[in-house]
Peer 1: 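Have a look at this one before I ask anything.
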Amino acid sequence: MDSMSLDVGAHLKSVRQMYGMSQRELAKRAGVTNGLISLIEQNRVSPSVSSLKKVLDGIPMSLADFFTLDLAGKPQVFFSRDELADLGGGAVQLRLVGGRLGKRSMSILHERYAANADTGEEMLSHAGEEGGVIVKGKIELSVGGDSRVLAAGDAYYFKSSIPHRFRNPGREECELVSASSPPTF
């Protein structure tokens, strides 16, 4: 988006509304008068960079994010099960939430492991952290030298740089929801 042609007032109003704030609430959070917010949104005053930054601190949002946020092409928020790309194969299903979204800060996966399925003999290792909650069945998680069988309702969280592996030791399918940051998929 070209910041030279950006209607700062209309853009600020859209951002404020996107965050569910009234002019009064934004003014209070930013430490300015609600009259100033109103004047900016009506394009009756052109804020300096420092006063716009002060207003955006009440959201909070950086100047860079404000000027690059594309409100016309709203990002997708909701995903049907058919829109989750399957990154696994065969007995392991790894369905990625928001796979088409650019610049994701994390990966969220809906994972299913058939009976006796695993992520492979070789331990996985990558940058970041990951965690998850077992929804159904059991999964054996090996992290470093430790292994534990987790059942529905159990959870895990670890640094992904530690070698790890997932295996379903049970006779029924295991289902879990996991997240990792930064995204590995």
Peer 1: Please check this pair: side chain of T119 against backbone of F166, looking for a donor-acceptor N/O pair closer than 3.5 Å.
Peer 2: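 Yes; at least one donor-acceptor contact below 3.5 Å.
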Peer 1: Between the main-chain N or O of R44 and the side-chain N or O of Q42, is there a donor-acceptor pair closer than 3.5 Å?
Peer 2: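 Flag not set: sc Q42 to bb R44 has no pair under 3.5 Å.
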Peer 1: Provide the closest heavy-atom pair for V133 versus A155 in the form atom of the first, atom of the second, distance.
Peer 2: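 In terms of heavy atoms, the two residues are closest at CG2-CB, 4.0 Å.
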Peer 1: Kindly work out whether a path of hydrophobic side-chain contacts (I/L/V/M/F/W/Y, heavy atoms less than 4.5 Å apart) joins L39 to V32.
Peer 2: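 Linked, L39 and V32 end up in one cluster.
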Peer 1: Only counting residues at least two apart or in another chain, list the ones meeting ring-ring contact (aromatic ring centres under 6.0 Å, His included) with Y113.
Peer 2: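 ring-ring contact (aromatic ring centres under 6.0 Å, His included) list for Y113, sorted by chain: empty.
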Peer 1: To the closest 0.5 Å, what do you measure between CG (D154) and CG (L176)?
Peer 2: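 The CG atom of L176 is 11.5 Å from CG of D154, to the nearest 0.5 Å.
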Peer 1: May I have all residue pairs that pass salt bridge (Lys or Arg N to Asp or Glu O under 4.0 Å) and include part of residues 138-147, sequence neighbours excluded?
Peer 2: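 Applying salt bridge (Lys or Arg N to Asp or Glu O under 4.0 Å) to every pair that reaches into residues 138-147, excluding sequence neighbours, yields E140-R167.
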Peer 1: Starting from the C-alpha separation in whole Å, work towards a yes-or-no answer on side chain to side chain donor-acceptor pair (under 3.5 Å) for Q93 and E111.
Peer 2: CA-CA 6 Å; Q93 188 180 77; E111 304 181 38; over 6 Å; no
Peer 1: Report the residues that fulfil side chain to side chain contact (heavy atoms under 4.5 Å, CB included) with V97, sequence neighbours left out, ordered by chain and then residue number.
Peer 2: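 For V97, the residues satisfying side chain to side chain contact (heavy atoms under 4.5 Å, CB included) (neighbours in sequence not counted) are F79, L84, I108.
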Peer 1: Quick check: does any side chain N or O of S14 sit under 3.5 Å from a backbone N or O of A10, one acting as donor and the other as acceptor?
Peer 2: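 Between the backbone of A10 and the side chain of S14 there is a qualifying donor-acceptor contact (under 3.5 Å).
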Peer 1: Can you name the residues that form a side-chain hydrogen bond (donor to acceptor under 3.5 Å, both in side chains) with Y157, not counting sequence neighbours?
Peer 2: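 Expected list: E129.
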Peer 1: So, using side-chain hydrogen bond (donor to acceptor under 3.5 Å, both in side chains) as the criterion, who are the partners of E122 when residues are at least two apart?
Peer 2: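 In terms of side-chain hydrogen bond (donor to acceptor under 3.5 Å, both in side chains), with neighbours along the sequence ignored, E122 is linked to no residue.
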Peer 1: Going through the checks in order, is the side chain to side chain donor-acceptor pair (under 3.5 Å) test met by N43 and D7?
Peer 2: CA-CA 8 Å; N43 286 316; D7 180 340; 2.6 Å; yes
Peer 1: Can you list everything that forms a ring-ring contact (aromatic ring centres under 6.0 Å, His included) with H110? Sequence neighbours excluded, please.
Peer 2: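 By the ring-ring contact (aromatic ring centres under 6.0 Å, His included) rule, H110 matches no residue at all.
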Peer 1: Under 4.0 Å between a side-chain nitrogen and a carboxylate oxygen: does that hold for E25 and R16?
Peer 2: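 R16 and E25: not salt-bridged.
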Peer 1: Would you say the side-chain atoms of N168 pair up with the backbone N or O of E172, donor to acceptor, closer than 3.5 Å?
Peer 2: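 Between the backbone of E172 and the side chain of N168 there is a qualifying donor-acceptor contact (under 3.5 Å).
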Peer 1: Would you say CE of M21 has more than 12 non-hydrogen atoms from neighbouring residues, nucleotides or ligands within 6.0 angstrom?
Peer 2: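 Count over threshold, so yes.
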Peer 1: Please name the residue in the list H11, Q23, K13 that meets the side chain to side chain donor-acceptor pair (under 3.5 Å) test with E41.
Peer 2: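 So, applying the side chain to side chain donor-acceptor pair (under 3.5 Å) to E41 and each of H11, Q23, K13, only Q23 qualifies.
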Peer 1: Might you point out which heavy atoms bring V8 and P47 nearest each other, and give the distance in Å?
Peer 2: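 Closest pair (atom of V8, atom of P47, distance): CG1-CG, 4.3 Å.
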Peer 1: Whether the side chain of T33 engages the backbone of L36 through a donor-acceptor N/O pair (distance < 3.5 Å, no angle test) should be reported.
Peer 2: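 At least one qualifying donor-acceptor pair exists.
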Peer 1: Determine whether a donor-acceptor pair (N or O, by modelled atom type, separation under 3.5 Å) exists between the side chain of R104 and the backbone of G98.
Peer 2: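 At least one qualifying donor-acceptor pair exists.
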Peer 1: Sort out for me which residue in S178, S107, S160 forms a side chain to side chain donor-acceptor pair (under 3.5 Å) with E130.
Peer 2: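 Testing E130 for a side chain to side chain donor-acceptor pair (under 3.5 Å) against S178, S107, S160 leaves exactly one candidate, S160.
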